[in-house]
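Heavy-atom basis, side chains included; hydrogens, waters and symmetry copies ignored.
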Amino acid sequence: MIAVTHPQVVAVRHPARIAHVVIWAFLLVNLAVVLSMFVLAGPPAHNTLGSIGRMLGLTLAFVMAMQLLLVARLPILDRGIGMDRLTTWHRWTGFTLFWLAILHPTFVILGFAQYDRVPVLTTFLSLSRQTPVLLGLIAVGLIVLVVALSIRAARRRLSYEAWHAVHLLLYVVVALGVVHQIYEGTAFRINLYTQIYWWGLWAFALGSLLTGRLFLPLIRNARHRLRVAAVVPESDDVVSVHVTGRDLERLRASAGQFFLWRFPRHQSWWQVNPFSLSAAPNGRSLRLTAKAIGTTSAGLRELPIGTRVFAEGPYGAFTLAQRSRPGILLVAGGIGVTPIRSLLEDPAIGSDVVVLYRVRSAADAVLLGELRNLVRERGARMHVITGRTGGSNQPFRPENLFALVPDVVNRDVYVCGPMPLTKAVVASLKALRVPARQIHAELFRLAA
């Protein structure tokens, strides 16, 4: 007789709930302070249009500081909410910045034109001769460029590497914005306290960004000295890279997380790629598995053994820390199997596990042998679903998903794969009334 031990799901505060409370409290408190600063500053000397422009400018600067915090990769947000959802927030915050950046100078110029009773173009040309204003206008132009290239139609025409490089222009926008505020800001100059608050907020945002995106990665890479230990082709277009280093247990990586990888001799310094761990971290090595899609991933199989590796992370909330039920359903599509395979190897997952692996054909099922071995060791169940989607072959329709996993409503569900598959699975789970807290999806969109 084999005794099966089910994992104990301890009733603890959910990390996502804590992260949401923290970010909403921070946002609302600071919005209230910003509004109070605007009111206390009093009306401007000229007109209503100018007043609206000033309020839009103050809001623009505040939203820009919030954007920096969203991309700073703060641990409480990354591990609680996840990079994928943070990237969604980053995207919508970016569009908010775009409209504020357009409307702020528009209302300011209209206000001065109305007050001076001169044509709008004359006012624009006059103001643009002032260096702080010119720097602000250049920042607006760069924001428009980045947003235009982030629209889906344009984004699809760019490689990931090119899209990431374009987003580096936003650091120039931040620098120009800070200079513009120093010379043109008025609302936060009411008294010493408002100045301390305002520049304290910006110091916190910039400090968080520099710590999370520069200082911490530099310290970690100097400590761990990561290098390529092995390169293993998994198929014609998929390769696994094994990375070793010193004191890897201090990374505190979890199954399901990902790193941002740089291979300095293989790519330019500014190129970075998010690859998930395809094996549960063991303190001795890390493994990533990638499909040849972009320039970097296509050339990974040519990496020489011993190549220096620069990695940022670990990142992501696609881990068992989000779990709320003993039973688990793992759904993988294509190369999205990598974090799923990692989760399946995590000793904490238990035996009440069902795996659904969706691929075009059995030949496309990367890491299938490893999955079968892990399923056997866990006493779990796995269904490999092949064929083109359409007609009667629609495995993730609610009724078909329920037929495969009748107790799905009592399981935590982890989904990773192409966006159409992920959206289809999540929609079916909602139709089957699986609670939102039990649905964990990773789409691998990355905040630049």
Side-chain angles (χ1 to χ4, degrees), residues 73 83 159-165 168 211-316 318 335-346 366-371 373-374 444 446 448:
R73 295 170 191 152
M83 185 72 76
S159 67
Y160 172 81
E161 292 83 0
W163 174 80
H164 184 267
L168 294 179
T211 300
R213 302 294 290 268
L214 181 61
F215 300 142
L216 191 56
L218 287 174
I219 292 170
R220 283 179 172 170
N221 281 273
R223 174 196 298 157
H224 299 297
R225 296 185 178 277
L226 302 175
R227 293 189 180 278
V228 174
V231 178
V232 180
E234 304 290 354
S235 69
D236 291 342
D237 60 351
V238 177
V239 64
S240 290
V241 179
H242 297 253
V243 176
T244 57
R246 303 186 308 184
D247 304 322
L248 295 188
E249 70 280 355
R250 295 181 64 182
L251 281 171
R252 298 176 61 191
S254 300
Q257 291 190 301
F258 68 94
F259 285 77
L260 304 180
W261 303 90
R262 285 183 173 89
F263 304 93
R265 294 185 181 179
H266 175 64
Q267 61 189 151
S268 300
W269 66 269
W270 49 266
Q271 291 179 318
V272 60
N273 290 81
F275 296 129
S276 288
L277 296 175
S278 59
N282 56 19
R284 299 183 303 275
S285 66
L286 303 171
R287 186 181 78 169
L288 64 98
T289 301
K291 186 174 183 178
I293 298 175
T295 304
T296 301
S297 55
L300 287 178
R301 64 179 61 231
E302 306 301 329
L303 282 175
I305 304 303
T307 297
R308 189 80 164 85
V309 180
F310 190 91
E312 296 178 49
Y315 297 127
F318 196 69
I335 198 61
V337 72
T338 54
I340 296 297
R341 187 258 181 239
S342 178
L343 286 171
L344 187 58
E345 191 178 14
D346 192 321
V366 180
L367 307 178
L368 182 58
E370 295 182 14
L371 285 172
N373 289 336
L374 288 169
F444 293 108
L446 182 67

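One distance of note links NE2 of His224 with CZ of Arg246; it measures 9.5 Å at 0.5 Å rounding. Between the CG atom in Leu288 and the CG atom in Asn273 there is a gap of 10.0 Å [rounded to 0.5 Å]. In this structure, Leu248 CG and Asn282 CG are separated by 8.0 Å, a value rounded to the nearest 0.5 Å. The distance from the CG atom of Asn373 to the CZ atom of Arg341 is 9.0 Å, given to the nearest 0.5 Å. Note that the OG atom of Ser342 and the CZ atom of Phe318 stand 10.0 Å from one another [nearest 0.5 Å]. Here the straight-line distance linking atom CG of Leu374 with atom CG of Leu367 works out to 10.0 Å at 0.5 Å rounding.
Crowding of Arg308 atom CZ: a count of heavy atoms from other residues, nucleotides or ligands under 6.0 Å exceeding 12. Heavy atoms from other residues, nucleotides or ligands lying under 6.0 Å from CZ of Arg225 number 12 at most. Heavy-atom contacts from other residues, nucleotides or ligands closer than 6.0 Å to CG of Asp247 number more than 12.
Taking Ser278 as the reference, Arg287, Thr289 meet the side chain to side chain donor-acceptor pair (under 3.5 Å) condition, with sequence neighbours excluded. For Glu234, the side chain to side chain donor-acceptor pair (under 3.5 Å) criterion is met by Ser240, not counting sequence neighbours. Not a single side chain to side chain donor-acceptor pair (under 3.5 Å) links Thr211 to another residue, sequence neighbours left out.
Exactly one residue among Val241, Leu286, Val272 makes a side chain to side chain contact (heavy atoms under 4.5 Å, CB included) with Trp261. That residue is Leu286.
Taking each heavy atom of Ile305 and Ala230 in turn, the nearest pair found is CD1-CA, 3.6 Å. Contact detail for Leu277 and Ala253: the closest heavy-atom pair is CD1-CB, 4.2 Å. Minimum interatomic distance between Phe259 and Pro314 (heavy atoms only, all atoms of both residues): CE2-N, 3.6 Å. Of all the heavy atoms in Phe275 and Ala290, the pair that sits closest is CE2-CB, 3.6 Å. Closest of all the heavy-atom pairs between Ala255 and Asp346 is CB-OD2, 3.8 Å. The two residues Tyr315 and Gln257 make their nearest non-hydrogen contact at O-CB, 3.1 Å.
Put simply, the side chain of Arg250 never gets that close to the backbone of Arg220: no donor and acceptor are under 3.5 Å apart.
Within the 4.5 Å cutoff, no side-chain heavy atoms of Glu370 are placed close to those of Glu345. Proximity of Thr338 to Phe258: side-chain heavy atoms (C-beta onward) are nowhere separated by under 4.5 Å.
By the 4.0 Å N-to-carboxylate-O rule, Glu312 lies close enough to Arg262 to be salt-bridged with it.
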Could you go through the side-chain contact (heavy atoms from CB on, under 4.5 Å) check for Leu300 and Val231 one step at a time?
CA-CA 8 Å; Leu300 287 178; Val231 178; 6.0 Å; no

